[in-house]
Participant: 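I have a structure I would like to understand better, so I am pasting it below and will then ask my questions one at a time.
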Amino acid sequence: MPRHLRFLSCAVLLLFALPAVVHAGFTLEGSLPADTNGQLATVEREWLEDRSTEVVGRMPVENGRLSLFADADPGFFRLRLGSAETTFVAGEGQRLLVTLQGGALVVSGGADQEKFLTYEKVRRESLQRLVLSVRTAIAAARTAGNEAEVERLTEAEVVGYQAHRRELNDFVLAQLAGSPALYASSLRWDGDHRLDELASAVRTFAAAHPEWEISQRMLARLERFEATALGAIAPELAGPTPDGGTLSLSSLRGRYVLVDFWASWCPPCRIENRHYVDLYRKYRDRGFEILAVSVDQHGAAWRGGIADDHATWLHISDLTGWRSPLAASYNVSALPASFLLDPEGRIVAKDARGERLTALLAKHLGEAR
């Protein structure tokens, strides 16, 4: 055989010996109403850490049909079509069905999406039972002018939300381990409930899929939980103050510091501020400070809330709302949230409010007069 033919033969054999390229993407398919013809279906990947998105696929509806392939690793996504939108989870190589039901987009069919839909059903039921029902009672008490009942129920709402997140952790561990739906649930993980088991589930997932970005992001979330665990040195925080300066948490070493995440639009936060006013007056000269970190987006609302609540303690905010890296560095995704630090910057308590916070300050700084 001539030399050039032998070379070509070897090249062909090598080509067939190479493994086939496997797309990690997924497909959305569906028959849709005629009035959607020409509308552009857009799929965006949802990154929960900073509430950002990136487009991974676009395709117009043609002749009442949608067939959109997204060349993307598994994860959490949002589908937009006209004015309708919905979120979904897609696994590797999965085909998902898209329908319009009463004007609402519905994505179904994939094994991981079915797990996510079950999670969402459980989440909504738990939220209604433990949180939203209390908010209804708060509104009734406020209408009746019963401020004492409003305060009592507001504390019950905070406690209910904590119980809600623990229930979600329980469901995640029982049902979502091994699925990309694990990432979709990560925004609401409770780092103080069964964290060892959650960490084991995440690390097992990441070991099986080290190349997926969601694996690395879940591992990073675990690291932040560990960095804000009881006994850990609190991560640094630094941000703009209301008067345009800059303040860092580390500059407050030597004092007991309550790092309080709040917002002007958060009713439980505003009620807790009333309690802080009295505590700050009693304990500031004994070595106590409050660093309030706001997730507001508007400077006027932030500064107005500070003034209205007579919150004379220290404040910082980057005014980026829930996209704030300040909140993300402490895995804060719900308000109120607080961390009590000792003079060395070590976390000694979390979410201590009301009588519990008063007792802790009395223990460490002495009874206030």
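Scope of the values below: all heavy atoms of this structure, side chains included, with no hydrogens, waters or symmetry mates.
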Participant: Should Phe288 and Tyr256 be marked as a ring pair (Phe, Tyr, Trp, His ring centres under 6.0 Å) after you check the CA-CA gap, both sets of side-chain angles, and the distance that decides it?
Facilitator: CA-CA 5 Å; Phe288 175 58; Tyr256 276 88; 8.3 Å; no
Participant: Indicate the atoms forming the closest heavy-atom contact of Leu198 with Val172, along with that distance.
Facilitator: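 Heavy atoms of Leu198 and Val172 come nearest at CD1-CG1, 4.2 Å.
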Participant: Are Glu62 and Arg65 within salt-bridge range, i.e. N to O under 4.0 Å?
Facilitator: no
Participant: Report the residues that fulfil ring-ring contact (aromatic ring centres under 6.0 Å, His included) with His164, sequence neighbours left out, ordered by chain and then residue number.
Facilitator: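 Checked His164 against ring-ring contact (aromatic ring centres under 6.0 Å, His included); matches are Tyr161.
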Participant: Between Glu44 and Arg78, does any side-chain N to carboxylate O distance fall below 4.0 Å?
Facilitator: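 So Glu44 does not pair with Arg78 through a salt bridge.
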Participant: CG of Leu32 to CG of Leu81: how many Å apart, nearest 0.5 Å?
Facilitator: 6.5 Å
Participant: Between Ala232 and Ala227, which heavy-atom pair has the shortest distance, and what is it?
Facilitator: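 Shortest heavy-atom contact: CB-O, 3.4 Å.
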Participant: Give the minimum heavy-atom separation between Ile347 and Ala234, together with the two atoms involved.
Facilitator: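 That would be CG1-CB, 4.0 Å.
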Participant: How long is the gap from OG on Ser186 to CD1 on Ile214, to the nearest 0.5 Å?
Facilitator: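 It is 9.0 Å, given to the nearest 0.5 Å.
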Participant: Is any side-chain heavy atom of Leu249 closer than 4.5 Å to one of Leu341?
Facilitator: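 Yes, their side chains come closer than 4.5 Å.
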Participant: Check the side chains of His298 and Ser264 for a donor-acceptor pair under 3.5 angstrom, ignoring hydrogens and angles.
Facilitator: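 Per modelled atom types, Ser264 and His298 side chains form no pair under 3.5 Å.
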Participant: Using modelled atom types only, decide if a donor and an acceptor are shared between the side chain of Glu149 and the backbone of Asn146 within a distance under 3.5 Å.
Facilitator: no
Participant: Of all residues at least two apart in sequence or in a different chain, which pass the side-chain contact (heavy atoms from CB on, under 4.5 Å) check with Arg203?
Facilitator: Ala199, Leu219, Leu222, Glu226
Participant: With under 30° as parallel and over 60° as perpendicular, where do the rings of Tyr183 and Trp47 fit, or are they tilted in between?
Facilitator: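 Ring orientation of Tyr183 relative to Trp47: perpendicular.
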Participant: Would you check if there is a donor-acceptor pair between the side chains of Glu167 and Ser126 at a distance under 3.5 Å?
Facilitator: yes
Participant: According to salt bridge (charged side-chain N to carboxylate O under 4.0 Å, His left out), who are the partners of Arg221, at least two apart in sequence or on a separate chain?
Facilitator: none
Participant: Is Tyr330 reaching over with its side chain to a backbone N or O of Pro235, donor-acceptor style, under 3.5 angstrom?
Facilitator: yes
Participant: After noting the C-alpha distance and the side-chain angles of Asp260 and Val293, does the key distance pass the side chain to side chain contact (heavy atoms under 4.5 Å, CB included) rule?
Facilitator: CA-CA 6 Å; Asp260 181 57; Val293 185; over 6 Å; no
Participant: Does some side-chain heavy atom of Leu319 sit less than 4.5 Å from a side-chain heavy atom of Val295?
Facilitator: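 No, their side chains stay 4.5 Å or more apart.
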Participant: With Phe76, which residues qualify under ring-ring contact (aromatic ring centres under 6.0 Å, His included), at least two apart?
Facilitator: Phe116
Participant: Has the side chain of Arg45 got a donor or acceptor atom that lies under 3.5 Å from a matching backbone atom of Asp73?
Facilitator: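 Present.
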Participant: Is it the case that the side chain of Ser294 and the backbone of Ala263 share a donor-acceptor pair, with hydrogens and angles ignored and the cut-off at 3.5 Å?
Facilitator: no
Participant: To the nearest 0.5 Å, what is the distance between OH (Tyr283) and CG (Leu258)?
Facilitator: 13.5 Å
Participant: State, without any angle test, whether Ser179 and Asp112 hold a side-chain donor-acceptor pair at a distance under 3.5 Å.
Facilitator: yes
Participant: How many angstroms lie between atom CG of Leu279 and atom CG of Leu357, to the nearest 0.5 angstrom?
Facilitator: 5.0 Å
Participant: Would you mind reporting whether Val106 and Val98 have side-chain heavy atoms less than 4.5 Å apart?
Facilitator: no
Participant: Sub-3.5 Å donor-acceptor pair from the side chain of Asp50 to the main-chain atoms of Ser52, do we have one?
Facilitator: yes
Participant: Would you say Leu40 and Met59 make side-chain contact, with heavy atoms under 4.5 Å?
Facilitator: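 Side chain of Leu40 against side chain of Met59, heavy atoms only: no contact under 4.5 Å found.
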Participant: With a 6.0 Å cut-off (strictly less than), is the heavy-atom count around CZ of Arg253, excluding the residue itself, greater than 12?
Facilitator: yes
Participant: Applying salt bridge (Lys or Arg N to Asp or Glu O under 4.0 Å) to Arg274 and Glu147, what does each step give before you reach the verdict?
Facilitator: CA-CA 13 Å; Arg274 302 174 194 172; Glu147 196 58 32; 3.4 Å; yes
Participant: State, to 0.1 Å, how close Pro180 and Pro74 come at their nearest heavy-atom pair, and which atoms those are.
Facilitator: CG-CB, 3.8 Å
Participant: Do Leu230 and Val348 make a side-chain contact, defined as non-hydrogen atoms from C-beta onward lying under 4.5 Å apart?
Facilitator: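 Sidechains of Val348 and Leu230: no contact.
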Participant: So, are Lys115 and Glu120 salt-bridged, with charged N and O less than 4.0 Å apart?
Facilitator: no
Participant: For the pair Glu114 (side chain) and Ser108 (backbone), establish whether a donor and an acceptor sit closer than 3.5 Å, ignoring hydrogens and angles.
Facilitator: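 No: the side chain of Glu114 does not pair with the backbone of Ser108.
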Participant: Would you call Leu105 and Leu100 a side-chain contact if the rule is heavy atoms closer than 4.5 Å?
Facilitator: yes
Participant: Could you go step by step and tell me if Ser250 and Glu236 meet the side chain to side chain donor-acceptor pair (under 3.5 Å) rule?
Facilitator: CA-CA 6 Å; Ser250 57; Glu236 175 68 302; 2.6 Å; yes
Participant: Would you please indicate if the ring centroids of Phe77 and Phe26 are separated by under 6.0 Å?
Facilitator: yes
Participant: So do Phe88 and Leu28 actually touch side chain to side chain, heavy atoms under 4.5 Å?
Facilitator: yes
Participant: Could you tell me whether the side chain of Asp308 and the main chain of Gly305 form a donor-acceptor pair under 3.5 Å?
Facilitator: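 No, because the side chain of Asp308 does not come within donor-acceptor range (under 3.5 Å) of the backbone of Gly305.
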Participant: Any donor and acceptor pair, going by atom type alone, linking the side chain of Ser333 with main-chain N or O of Leu187 inside 3.5 Å?
Facilitator: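 Confirmed, Ser333 side chain pairs with Leu187 backbone.
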Participant: So, do His315 and Trp302 sit near enough that their side-chain heavy atoms are less than 4.5 Å apart?
Facilitator: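 Yes, side chains in contact.
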Participant: Under 4.0 Å between a side-chain nitrogen and a carboxylate oxygen: does that hold for Asp192 and Lys350?
Facilitator: yes
Participant: Search all heavy atoms of Arg353 against all heavy atoms of Val158 and return the closest pair with its distance.
Facilitator: NH2-CG1, 2.9 Å
Participant: Rounded to the nearest 0.5 Å, what separates atom OG1 in Thr154 from atom CZ in Arg135?
Facilitator: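 Those atoms lie 10.0 Å apart.
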Participant: How many angstroms lie between CG in Leu96 and CG in Leu79, if you round to the nearest 0.5 Å?
Facilitator: 10.0 Å
Participant: Against Glu49, only a single residue in Arg217, Arg224, Arg323 fulfils side chain to side chain donor-acceptor pair (under 3.5 Å); can you say which?
Facilitator: Arg217
Participant: Would you find a donor on one side and an acceptor on the other, under 3.5 Å apart, between the side chain of Ser324 and the backbone of Gly321?
Facilitator: no
Participant: For a quick test of reading the model, state the closest non-hydrogen atom pair linking Thr27 to Phe69 and the distance between them.
Facilitator: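 What the structure gives for the nearest pair is OG1-CD1, 3.5 Å.
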Participant: Look only at the side chain of Ser185 and the backbone of Leu182, and say whether a donor-acceptor pair between them is shorter than 3.5 Å.
Facilitator: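 Pair found, side chain donor or acceptor close to backbone of Leu182.
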Participant: Could you verify whether a donor N or O on one side chain and an acceptor N or O on the other, from Asp170 and His193, lie under 3.5 Å apart?
Facilitator: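 Note: Asp170 and His193 side chains meet the donor-acceptor criterion.
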Participant: Tell me whether Asn63 at atom CG has more than 12 heavy atoms from other residues, nucleotides or ligands lying less than 6.0 Å away.
Facilitator: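 No, because the 6.0 Å sphere around CG of Asn63 holds 12 heavy atoms or fewer from other groups.
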Participant: Charged N to carboxylate O under 4.0 angstrom, Lys121 versus Glu125?
Facilitator: no
Participant: Who passes side chain to side chain donor-acceptor pair (under 3.5 Å) against Tyr280, sequence neighbours left out?
Facilitator: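 Residues passing side chain to side chain donor-acceptor pair (under 3.5 Å) with Tyr280: Arg284, Glu289.
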Participant: Can Thr99 and Gln101 be counted as having a side-chain donor-acceptor contact under 3.5 angstrom?
Facilitator: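 Thr99 vs Gln101: donor-acceptor pair found between side chains.
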Participant: Among all residues two or more places apart in sequence or in another chain, which pass the salt bridge (charged side-chain N to carboxylate O under 4.0 Å, His left out) test with Asp278?
Facilitator: Arg281, Lys282
Participant: Quick check: are there more than 12 heavy atoms from other residues, nucleotides or ligands sitting under 6.0 Å from CD of Glu355?
Facilitator: no
